[in-house]
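So the structure is just underneath, and the comments pick up after that.
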2 protein chains.
Amino acid sequence: MTGHNFSSKREAIFKTIASTKSHPSAKWVYEQLKDEIPNLSLGTVYRNIALFKEQGRVIAVANVDGEERIDADVTDHAHFVCECCNGVYDLVSSEQSPLEKELSQNGFEITRKNVVFYGICQKCSTN
Amino acid sequence: MTGHNFSSKREAIFKTIASTKSHPSAKWVYEQLKDEIPNLSLGTVYRNIALFKEQGRVIAVANVDGEERIDADVTDHAHFVCECCNGVYDLVSSEQSPLEKELSQNGFEITRKNVVFYGICQKCSTN
DNA sequence: ACAGAAAACAGGAATGATTACTGTTTTTAA
DNA sequence: TTAAAAACAGTAATCATTCCTGTTTTCTGT
């Protein structure tokens with residue numbers, strides 16, 4: 001359904017996303033790869049990120065400064081966004097919410113949750 | 001610092017935001033008001049929403065279908081976004097997180113948190 | 001109440017992330 | 001090997017949001 005299951009560019013894009021903890025934007029992924037793959041197109045990065053999201057291989061974490069930031073770690077965890085340096089950090093675990101139980105008891109089907117704290121990171125507040 | 005503290009349009013925009021539970025977008029607010037205020041400009045709605053956010057009178061809840069959705073209820077509570085009808089619902093309370101304590105102990109200053117559940121709402125799943 | 005000065009505004013142009021389109025290249029499967 | 005399917009490059013289009021400029025409203029001191 002999704003198409004063929006191999007494309008060298010697709011693999012490179014996923015690898016780039018999966019091998020960083022920076023929670024990159026599409027543009028960042030493109031910048032990382034364009035030396036290695038000179039004829040890479042930004043549209044291809046966007047198209048593949050959309051595909052990875054459909055496949056559940058990648059999640060959208062937050063929109064920071066107008067850009068969507070993504071994560072290849074799809075396990076349940078929260079994030080911290082620094083409003084000073086625009087850094088996005090993993091938080092080790094997301095709280096288990098009583099709201100989740102309540103929602104499903106009332107006919108709401110949860111497909112994903114997103115817990116984001118905004119503030120000033122340690123680095124920015126000490127500099 | 002923020003300027004004068006009265007403008008009839010500003011008041012109308014805030015009232016419109018505060019008197020709905022729909023978690024509106026800028027465009028929705030504009031659509032609601034343009035009959036009542038024929039020469040209202042969409043830019044004015046955006047400018048005032050930005051101001052309300054700075055003032056803490058309004059929070060950004062989520063980006064749904066490319067549009068930022070806002071809320072004049074700035075008390076701590078979570079939201080549910082239906083990916084079918086794009087509705088945004090209030091959840092009565094946000095969980096108190098042990099992560100928050102841990103973050104502040106490590107030099108991270110939290111200015112706001114955002115807890116959003118995504119899924120299919122009751123109405124959409126029964127229709 | 002009146003007159004600048006400051007802020008807010010309308011209207012439209014600009015920006016910038018993301019998506020869509022079209023012709024070409026890569027991958028697949030037989 | 002080869003034709004069909006999918007992916008791609010490159011570029012144009014879309015659309016939410018922001019910016020700019022000249023005008024209007026609000027404020028403040030008299």
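Chain letters run A, B, ... following the sequence lines, proteins first and then strands; every chain starts at 1.
- A 4.5 Å side-chain heavy-atom check between A:Leu51 and A:Arg10 finds at least one atom pair inside the cut-off.
- By the 30° and 60° cut-offs, the orientation of the rings of B:Phe80 relative to A:Phe108 is perpendicular.
- Contacts with DNA chain D (heavy atom under 4.0 Å) in residues 57-72 of chain B: B:Gly66, B:Glu67, B:Glu68, listed by number.
- Per the geometry, CZ belonging to B:Arg10 stands 12 Å off C1' belonging to C:dA6, to the nearest Å.
- Side-chain atoms of B:Val58 and B:Asp71, non-hydrogen and from C-beta on, never get closer than 4.5 Å to each other.
- Checked by atom type, the side-chain pair B:His79/B:Asn114 shows no donor-acceptor distance below 3.5 Å.
- No option in B:Glu68, B:Glu67, B:Glu31 other than B:Glu67 meets the side chain to side chain contact (heavy atoms under 4.5 Å, CB included) test with B:Ser25.
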Problem set entry | Step-by-step side-chain contact (heavy atoms from CB on, under 4.5 Å) determination, A:Ile49 to A:Ile17 | CA-CA 9 Å; A:Ile49 287 174; A:Ile17 299 167; 4.1 Å; yes
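- Legend: salt bridge (Lys or Arg N to Asp or Glu O under 4.0 Å) pairs involving residues 78-89 of chain B, not counting sequence neighbours, sorted by first then second residue: A:Arg112-B:Glu83.
- Contacts with DNA chain D (heavy atom under 4.0 Å) in residues 11-35 of chain A: none are found.
- Applying the ring-ring contact (aromatic ring centres under 6.0 Å, His included) criterion to A:Tyr46, with sequence neighbours excluded, gives no partner residue.
- Phosphate proximity of D:dT25 to B:Ser8: absent, as no side-chain N or O sits under 4.0 Å from OP1 or OP2.
- Distances shorter than 4.0 Å separate some side-chain N or O of A:Tyr46 from OP1 or OP2 on C:dT18.
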Is there any protein nitrogen or oxygen under 3.5 Å from a nitrogen or oxygen in nucleotides 10-14 of chain C, and what are the pairs?
| residue | atom | partner | partner atom | Å |
| --- | --- | --- | --- | --- |
| C:dA10 | OP1 | B:Lys9 | NZ | 2.7 |
| C:dA10 | OP1 | B:Asn39 | O | 2.6 |
| C:dA10 | OP1 | B:Ser41 | N | 3.3 |
| C:dA10 | OP2 | B:Ser41 | N | 3.1 |
| C:dA10 | OP2 | B:Thr44 | OG1 | 2.0 |
| C:dA10 | O5' | B:Asn39 | O | 3.3 |
| C:dG11 | N7 | B:Ser41 | OG | 3.3 |

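- A 4.5 Å side-chain heavy-atom check between A:Lys9 and A:Leu40 finds at least one atom pair inside the cut-off.
- Atom CD of B:Glu102 has 12 or fewer heavy atoms from other residues, nucleotides or ligands within 6.0 Å.
- Spacing between atom CG of B:Asn48 and atom P of C:dA8 amounts to 8 Å, rounded to whole angstrom units.
- Per the geometry, CG belonging to B:Leu51 stands 19 Å off P belonging to C:dA6, to the nearest Å.
- In this view, B:Tyr118 satisfies the ring-ring contact (aromatic ring centres under 6.0 Å, His included) rule with no residue, not counting sequence neighbours.
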